[in-house]
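Here's the structure, in structure tokens; my notes come after.
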Amino acid sequence: MNKYYLTTPLYYVNAAPHIGHTYTTMAAETIARFKRMQGYDAVMFTGTDEHGQKVERAAEAIGKSPQEFTDLISAEFRAQWEKLNIRVDRTIRTTDPRHRKVVQWLFQRCLDNGYIYKGSYSGQYCVYDELYVNEAKPGDPCPECGRTTETVTEENYFFKLSAFTEKLIELYESQPDFIQPETRRNEVLSFVRAGLNDLSISRTTLKWGIPLPVEGKHVFYVWFDALIGYMTAVEDGGFERTGLWPADLHLIGKEIVRFHAVFWPAFLMAACLPLPRRVFAHGWLLFENDKMSKSRGNIVRSEPIRQVMGADALRYFLLREIVFGQDGSFSFDALITRYNSDLANGLGNLASRTLTMITQYRKGAIPEGSDPAIAELAAGTIKTVQETFDRFEFSKGLEAIWALISAVDKFIVTMAPWKLARDAGGDAQQNLNRTLYTAAEALRIVTALLSPVLPLSAPKIWTQLGMKDSIESVTFATLAWGGLPAGQQIGEVSGVFPRIELKEGVAKMRELEEKVSAEQAALLGKKPEAAEAAPGSPKIAIDDFGKVDLRVGLVLQAERVKGSDKLLHLKVDLGEAQPRTIVAGIAEAYTPEQMLHRKVVIVANLQPRKLKGIESNGMIVAASVEGGKPVLAGFHEDIPVGARLK
RNA sequence: GGCGGUGUAGCUCAGCUGGCUAGAGCGGCGGUCUCAUAAUCCGCAGGUCGGGCGUUCGAGUCGCCCCGCCGCCA
């Protein structure tokens with residue numbers, strides 16, 4: 001049997017898992033299940049990247065050792081996958097001793113082949129990202145995170161990346177699908193064509209890393225260490241033993257394309273090792289069209305969704321709603337709407353009505369007969385799903401499956417089996433048989449096709465259809481119309497996707513979200529409010545605070561200020577005779593549309609000030625952290641315009 | 001700034017090498033059946049296809065310019 005080894009990234013453990021991690025991992029595991037249906041021996045990998053400065057510091061911040069800290073977080077990741085019904089076949093923690101051996105071994109091969117040299121770097125360095133910022137001047141911010149860079153002079157080991165410029169271009173050209181989707185490939189190509197500089201792969205500024213097998217106190221740059229985890233996980237004391245390397249697919253987010261499509265193949269080339277076959281970068285999951293980030297405080301976790309909707313609902317939503325490869329928007333509203341219309345009203349209802357009719361009209365025994373039009377459509381659907389999923393076009397494949405579901409619903413209405421059931425004459429009973437079989441067989445095929453996407457629910461429908469063999473034994477080689485045995489007794493019928501009331505569901509998930517994020521914070525030893533509180537503010541008396549007139553305002557108008565990226569021109573109702581004109585530096589965080597009709601907190605007695613020629617009569621109150629964008633203060637309950645904060 | 005991408009009904013998007021009255025799903029509105037999860041099914045909703053100029057018998061579909069948004073530029 002052909003193997004298919006695929007990986008998620010090694011998740012960095014400086015923070016707890018969230019829905020973004022879930023997205024990648026669910027997509028990967030769906031591919032694994034799909035590949036198994038195609039007859040491959042699919043091997044699913046996920047793991048954790050545990051070294052580096054950020055982890056060292058995050059651990060220190062809560063008074064734990066890096067090892068204690070990573071033990072905690074990596075366990076959290078593993079627990080997450082288990083809860084979400086994600087089967088992991090291979091995994092690695094980069095702090096595992098056997099990983100250290102593989103990293104050093106691979107480094108040695110690069111060294112022996114002449115691709116490593118000792119050099120020194122003098123210039124700007126971002127400690128947070130462990131990144132050398134070549135073109136920056138002292139005091140410049142880091143292009144990744146915006147933090148101020150530090151000037152360092154350091155002796156490092158360098159990887160001769162420059163030697164691979166041509167070889168990499170050759171790789172991308174000879175294997176056009178090495179990087180997907182196309183836009184990412186274009187980016188990488190233009191990046192590499194511009195010429196590659198050598199890459200520093202060691203650090204002496206931190207301890208929490210794998211030591212280089214050389215003199216001195218060098219530890220590996222976290223990315224050199226991490227990428228090799230894909231290999232360690234299938235090493236087993238020799239790659240021949242598992243036969244799993246090279247990987248067939250690295251599934252990643254678009255932010256780490258360069259590491260996977262440029263550095264990683266270069267490292268492997270230098271070590272004379274086989275290259276992965278493909279790197280696929282998916283897009284970002286936005287929350288209500290905003291980037292999720294800690295500084296915005298809008299990170300969504302999977303656990304509340306799982307508790308309210310089930311893991312399958314989330315997986316279905318992510319794969320159906322978002323075009324794989326592009327950015328996509330997540331919201332609780334969209335999730336429930338999608339669930340109700342597709343899973344409850346579509347699939348769930350079809351299962352329910354079909355199985356109930358077989359119970360009522362045929363005492364639970366599947367009758368004989370078949371409708372050629374539906375049979376043909378189903379055959380086409382099987383083909384389409386295979387083709388689209390092969391290209392990771394999940395949304396298209398799922399759309400095709402729902403076209404079949406819809407056709408069966410129409411077919412049922414056309415045949416009106418409930419009328420046939422009351423008709424003893426003519427062909428009525430035969431037509432009823434044909435209708436019931438057709439619906440049930442279509443349901444069986446739909447269920448089988450959906451099993452990679454609905455790994456918990458599909459088996460339930462499968463069992464209700466009375467199928468004896470496990471759904472996991474179904475392959476595309478055998479899946480065809482007519483596979484449902486006539487005469488088969490169906491199982492006990494029960495609803496698989498109960499409808500979820502929109503408002504209640506959203507409220508429930510939001511409530512749980514707060515609970516879960518508090519739990520995560522507790523796990524990390526953080527006190528809820530302790531997040532980077534401004535240090536050393538002098539104490540003030542209550543009178544001092546009383547001088548500040550804070551009022552609730554309603555944004556009536558909002559537009560960008562011409563010639564400025566940061567400013568918004570707002571008209572805000574403070575309950576006064578005239579709305580106020582306020583210019584706020586929040587345009588990088590909020591669009592005018594988002595501001596409209598929003599209740600905000602305004603400093604109402606600030607001296608007027610002219611910004612870009614517009615007089616601003618007040619200031620909008622927002623919180624921000626170093627390097628992050630401002631987040632507006634707001635209220636959970638309703639409050640009239642003009643109310644004073646005191 | 002350079003390179004790449006993108007802007008189509010309220011929302012999410014299809015529309016390949018240019019050609020019948022511009023489509024789908026969801027939402028909305030009206031109706032229907034009753035097997036079913038207040039589900040299904042049927043009908044309706046009239047969007048300057050970002051803007052302009054051009055090529056063409058004919059342009060969301062090609063070219064140029066402009067505007068907006070996104071990504072990459074170590």
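Computed from heavy atoms alone, side chains included, the values below leave out hydrogens, waters and symmetry copies.
Helical stems of RNA chain B (runs of at least 3 Watson-Crick or G-U pairs, donor-acceptor distances under 3.5 Å) are listed by first residue: B:1-7 with B:67-73, B:10-13 with B:23-26, B:28-31 with B:41-44, B:50-54 with B:62-66.
Side-chain atoms of A:Y221 and A:N156 include no donor-acceptor pair closer than 3.5 Å. Side chain to side chain, A:T149 and A:Q124 meet the donor-acceptor criterion of an N or O pair below 3.5 Å. A:Q429 and A:R362 form a side-chain donor-acceptor contact under 3.5 Å, judged by distance and modelled atom types alone. Side-chain contact of A:E441 with A:S370: a donor-acceptor pair under 3.5 Å is absent, judged by distance alone. Side chains of A:K410 and A:S406: a donor-acceptor N/O pair is present below 3.5 angstrom, by distance only. For the 3.5 Å distance criterion, the side chains of A:Y361 and A:R422 fail to qualify, holding no donor opposite an acceptor.
Between A:K508 and A:E504 no salt bridge is recorded (no basic side-chain N to carboxylate O distance below 4.0 Å). Of the charged side-chain nitrogens involved, none lies within less than 4.0 Å of a carboxylate oxygen, so that A:E399 and A:K396 do not count as a salt-bridged pair. Taking the charged nitrogens against the carboxylate oxygens, A:D177 and A:R185 have no contact shorter than 4.0 Å, which rules out a salt bridge. The pair A:E170-A:K167 fails the salt-bridge criterion, with no side-chain N (NZ, NE, NH1 or NH2) lying under 4.0 Å from an Asp/Glu carboxylate O.
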Contact string for nucleotides 34-43 of chain B, one letter per nucleotide 5' to 3', B = base within protein heavy-atom range under 4.0 Å, S = sugar-phosphate only, - = neither, reads SBBB-SBSS-
Readout for nucleotides 6-14 of chain B: B = base within 4.0 Å of protein heavy atom, S = sugar-phosphate only, - = neither; 5' to 3' it is ---------
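If you take CG of A:L502 and C1' of B:C26, they are 13 Å apart, rounded to a whole angstrom. At whole-Å resolution of the value, CZ in A:R193 and C1' in B:G4 are 12 Å apart. Atom-to-atom, CD of A:E399 to P of B:G15 comes out at 10 Å; the value is rounded to the nearest Å. For the pair A:Y316 OH and B:G25 C1', the interatomic distance rounds to 10 Å; values are reported in whole Å. Protein atom CG of A:N340 is 17 Å distant from nucleotide atom C1' of B:G28, rounded to whole Å. Here the C1' atom of nucleotide B:C26 and the OH atom of A:Y339 are 17 Å apart, to the nearest Å. In this structure, A:F191 atom CZ and B:C72 atom P are separated by 12 Å, rounded to whole Å.
Listed by first then second residue, pairs satisfying ring pair (Phe, Tyr, Trp, His ring centres under 6.0 Å) with a partner in residues 397-446 of chain A read A:Y316-A:W402, not counting sequence neighbours.
Of the residues in residues 153-171 of chain A, none lies under 4.0 Å from RNA chain B by heavy-atom distance. The stretch residues 431-467 of chain A has no heavy atom under 4.0 Å from RNA chain B, so no residue of it qualifies as close.
Taking the six-membered ring wherever Trp is involved, the centroid distance between the rings of A:F159 and A:F263 does not fall below 6.0 Å. The aromatic ring centroids of A:F280 and A:F324 lie less than 6.0 Å from each other. In this structure, the ring of A:F317 has its center no less than 6.0 angstrom from the ring center of A:Y339.
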task: For salt bridge (Lys or Arg N to Asp or Glu O under 4.0 Å), just list the numbers for A:R353 and A:D409, CA-CA rounded to whole Å, side-chain angles, deciding distance to a tenth of an Å, and then say yes or no.
output: CA-CA 10 Å; A:R353 70 196 304 203; A:D409 270 332; 2.5 Å; yes
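Contacts of A:G328 with the nucleic acid, taken as non-hydrogen atoms under 4.0 Å apart, are absent.
Between B:A14 and B:G52, the distance separating the two P atoms is 24 Å to the nearest Å.
Annotated as anti: B:G18, whose O4'-C1'-N torsion sits more than 90° from 0.
Side-chain contact between A:I201 and A:I116: present, with at least one pair of heavy atoms (C-beta onward) separated by less than 4.5 Å.
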